[in-house]
Amino acid sequence: MAKIAILGYGTVGGGVYDIFNNSSFLKKTGEEIEVAKILDIRDFPDHPQKELFTKDFNDIVNDAEISVVAETMGGLHPAYEFTKSLLEAGKSVTTSNKELVATYGPELLTLAAQKGVRYMFEASVGGGIPVIRPIASCLQANDIERIAGILNGTTNFILSEMIDKGSEFEDALADAQQRGYAERNPAADIEGHDACRKIAILSSMATGYFVDYSNIPTEGICNVSLNDVKYAEKLGSAIKLIGYSQQMPDGTLYACVAPMLVKKSIPLSGVCDVFNAVMVRGNYLGDAMFYGRGAGKEATASAVCADVIDIVKNGAAKCPILWETDKIKMMAPEEKEWSYFVRTSAGKEQINEMFGDVELIDDVVSGEVGFVTSLIKEKDFVQAVNKLGGTYIKVLEA
Ligand code: HSE
């Protein structure tokens with residue numbers, strides 16, 4: 001019998017409990033897995049196993065029978081202190097906490113390796129989608145050249161509602177919150193911070209170096225309007241919030257999070273609702289896409305549980321340090337070339353003078369036009385568009 005504990009009985013923690021309570025993994029692992037304790041500051045007097053709950057972390061860290069702990073609290077503190085104590089006490093930890101992994105991943109991975117236990121975080125990116133493990137194992141023969149992903153279910157749900165139903169942003173957000181997709185503070189979703197942490201984790205996995213999320217320029221979807229969505233449709237594209245990173249030939253890494261126009265010929269454009277997808281480009285493999293439910297109780301909990309099952313089945317001995325504590329050198333974002341979709345009320349002559357002979361769309365909003373530029377360095381583009389006046393969105397390259 002493997003005894004485990006859960007830290008945080010919220011949406012994901014509740015899902016982890018349900019999975020282990022409702023399913024037997026005896027055949028898969030050779031032993032039953034039992035939730036022995038649950039830490040939460042709240043009371044659950046009506047829970048069928050209310051005796052499992054404790055408010056005292058010491059009850060878990062000092063319980064010699066508990067070998068694996070699922071940390072589903074979210075946030076940095078006290079999740080960081082608890083995780084560190086658990087690893088130091090020789091317990092493996094699995095987590096869905098992207099903020100913690102993106103911030104303290106290298107330190108916690110190193111500590112786990114020193115202690116001969118594991119720190120696993122499949123659920124931290126893409127909810128239930130297997131993407132961390134494939135990068136860590138199946139794609140090892142490749143240099144990962146580029147990652148482009150829809151990494152936030154809430155914003156993808158909101159954008160899908162805007163595209164498919166013409167919903168206003170606020171209504172779609174309220175719906176996402178009601179369904180349990182959104183973070184407690186929706187700013188983390190709609191301002192792109194959640195996707196930023198996830199692309200930082202994936203980029204760290206891909207490069208083997210620490211990619212500090214605070215160095216990733218991040219823009220959310222708060223400024224995307226229904227008219228932008230209509231223009232995108234005219235251009236045979238959909239607007240998606242994309243977490244993007246690319247290894248540059250000089251060894252630096254470029255990364256950003258931004259709403260982008262994605263051509264319908266690129267599979268990411270068809271990823272709708274709460275679904276996430278990560279396109280990984282390997283130098284031998286080419287593009288591979290990992291697709292599935294990126295948020296929600298059961299999907300995310302299933303990935304946390306899979307890590308627990310892996311540890312129970314295979315033991316904690318093999319604990320690779322997946323990336324170094326050294327930070328990778330980032331490319332100056334203003335040097336990166338993109339195509340841009342621009343909306344402006346400027347005249348054709350001025351547009352042509354600055355951006356060449358671009359094709360103008362003039363039947364979406366009266367008094368303005370939309371067009372797509374050719375590839376141009378961000379700094380040159382920003383300078384030009386500031387003179388022209390207007391709004392813009394990056395275009396994802398194929
Ligand atoms: N709020 C996150 C999302 C949850 O919407 O994707 C999963 O990380």
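Whatever order the structure lists ligands and atoms in, that order sets their numbers, starting from 1. By convention here, the first residue in the shown sequence is residue 1.
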Handout entry: G127 touching ligand 1 at heavy-atom level, < 4.0 angstrom
Key = no
Problem - Contact check: G153 vs ligand 1, nitrogen or oxygen atoms, below 3.5 angstrom - result: yes
Exercise for the section: If the plane angle is over 60° it's perpendicular, under 30° parallel, otherwise tilted; pick one for F44 and H47. Expected result: perpendicular
Handout entry: Ring centre gap for Y392 and W338 strictly below 6.0 Å
Key = no
Exercise for the section: For ligand 1, indicate whether the residue T154 contacts it via side chain, backbone, both or neither (heavy-atom separation under 4.0 Å). Expected result: both
Handout entry: N152 neighbourhood, listing ligand 1 atoms whose heavy-atom distance to it stays under 4.0 Å
Key = 2 (C), 3 (C), 5 (O), 6 (O)
Exercise for the section: Just jot down the salt bridge (charged side-chain N to carboxylate O under 4.0 Å, His left out) partners of K50, sequence neighbours excluded, or say none. Expected result: none
Problem - Close N or O approach (K198, ligand 1; < 3.5 Å) - result: yes
Exercise for the section: Using a strict 4.0 Å cut-off to heavy atoms of D189, name the atoms of ligand 1 that fall inside it. Expected result: 1 (N), 2 (C), 3 (C), 5 (O)
Completion exercise
Contacts of E65 meeting salt bridge (charged side-chain N to carboxylate O under 4.0 Å, His left out) (sequence neighbours excluded), chain-then-number -> K3
Practice task
Assess whether atom CD of Q140 is packed by more than 12 heavy atoms of other residues, nucleotides or ligands within 6.0 Å.
Solution key: yes
